[in-house]
Amino acid sequence: KNQVEQSPQSLIILEGKNCTLQCNYTVSPFSNLRWYKQDTGRGPVSLTIMTFSENTKSNGRYTATLDADTKQSSLHITASQLSDSASYICVVSVMDSNYQLIWGAGTKLIIKP
Amino acid sequence: EPEVTQTPSHQVTQMGQEVILRCVPISNHLYFYWYRQILGQKVEFLVSFYNNEISEKSEIFDDQFSVERPDGSNFTLKIRSTKLEDSAMYFCASSLIRDRVNSGANVLTFGAGSRLTVL
């Protein structure tokens, strides 16, 4: 069964600290993996999208990694800011005729001053 | 930056009533989607729409749901007879092309959502 699991479920860190969020997936055949940021009560906003051949992709203070062999991805946030408080959702696309998206439950990140 | 706009931002309705949620996708996008997110749960796919017809739909998208592109700019989701369990955030999204490998242009752009509360 195609699934995306994220950990931790929630995380609280102090402003300025770094953190890493994890995503494990059992999706086949794999097409691509995206990380979205979702502010409370808002729609998801794309941070990165990675294909099979990409190991690392950065977007400002966000760096995503992908290990297609172990089917794991991480999102590293450096020098966290209060505005980073949000849910971070890992989404994996299946390379089938519909290219359906398998959504993770998200990690709720809270940055404290 | 182009954005997807949704109205209303919040709607409260009585069970059994019809609801129409409206979306204005990004103007040059060709694929349109509706997703929903029940409070505290995962985002769930409802339906995708291309070339004036439904291209995919999930098992959630049953006969009480319908979508329409009544003109060149709006994309609507109608729920005919709302149930308590329809209470959720409904997100509209659009993309330039269909989801494909090695394409950055296919990234979905989501609207801010319409919160539906069914009493």
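Computed from a prediction, not measured in an experiment: that's the story for all the values here. Computed over heavy atoms, backbone and side chain alike; hydrogens, waters and symmetry mates excluded.
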Visitor: Is the CZ atom of B/Arg69 crowded by more than 12 outside heavy atoms at less than 6.0 Å?
Guide: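 Yes - once you tally the heavy atoms of other residues, nucleotides and ligands closer than 6.0 Å, there are more than 12.
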
Visitor: Verify side chain to side chain contact (heavy atoms under 4.5 Å, CB included) between A/Val91 and B/Val43, making sure each step is shown before the conclusion.
Guide: CA-CA 10 Å; A/Val91 184; B/Val43 174; over 6 Å; no

Visitor: How about CD on A/Gln9, more than 12 heavy atoms from neighbouring residues, nucleotides or ligands closer than 6.0 Å, or not?
Guide: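 At most 12 heavy atoms, drawn from other residues, nucleotides or ligands, come within 6.0 Å of this atom.
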
Visitor: For B/Lys57, I'd like to know if atom NZ has over 12 heavy atoms of other residues, nucleotides or ligands within 6.0 Å.
Guide: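 Atom NZ in B/Lys57 is not packed in, count stays at 12 or less.
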
Visitor: Determine, using the 4.5 Å side-chain heavy-atom cutoff (strictly less than), whether B/Phe49 and B/Ile60 are members of one ILVMFWY cluster.
Guide: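 In one cluster with B/Phe49: B/Ile60, yes.
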
Visitor: Any heavy-atom pair between the side chains of B/Tyr33 and A/Leu101 that's under 4.5 Å?
Guide: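 They are not in side-chain contact.
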
Visitor: Which one wins on heavy-atom pair count under 4.5 Å against chain B: A/Ser87, A/Gly43, A/Gly106, A/Gly104?
Guide: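 So the answer, after comparing A/Ser87, A/Gly43, A/Gly106, A/Gly104, is A/Gly43.
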
Visitor: When you look at CG of B/Asp63, are more than 12 heavy atoms from neighbouring residues, nucleotides or ligands closer to it than 6.0 Å?
Guide: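 Counting neighbours around CG of B/Asp63, 12 or fewer heavy atoms of other residues, nucleotides or ligands fall under 6.0 Å, so no.
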
Visitor: Under a 4.5 Å cutoff for heavy-atom pairs, which residue among B/Tyr35, B/Phe110, B/Phe91 has the most contacts with chain A?
Guide: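 It is B/Phe110.
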
Visitor: Name the region of A/Glu54, side chain, backbone, both or neither, that has any atom closer than 4.5 Å to a heavy atom of chain B.
Guide: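 The answer is neither part of A/Glu54.
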
Visitor: Within the 4.5 Å heavy-atom criterion, are B/Gln37 and A/Trp103 side-chain neighbours or not?
Guide: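 They are not in contact (no side-chain heavy atoms under 4.5 Å apart), so the answer is no.
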
Visitor: With clusters defined by side-chain heavy atoms of hydrophobic residues (ILVMFWY) lying less than 4.5 Å apart, directly or transitively, does B/Leu84 cluster with B/Ile79?
Guide: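 Cluster IDs for B/Ile79 and B/Leu84 match.
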
Visitor: Below 4.5 Å from any heavy atom of chain A, which atoms of B/Phe45 appear? Answer side chain, backbone, both or neither.
Guide: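 No part of it gets close to chain A.
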
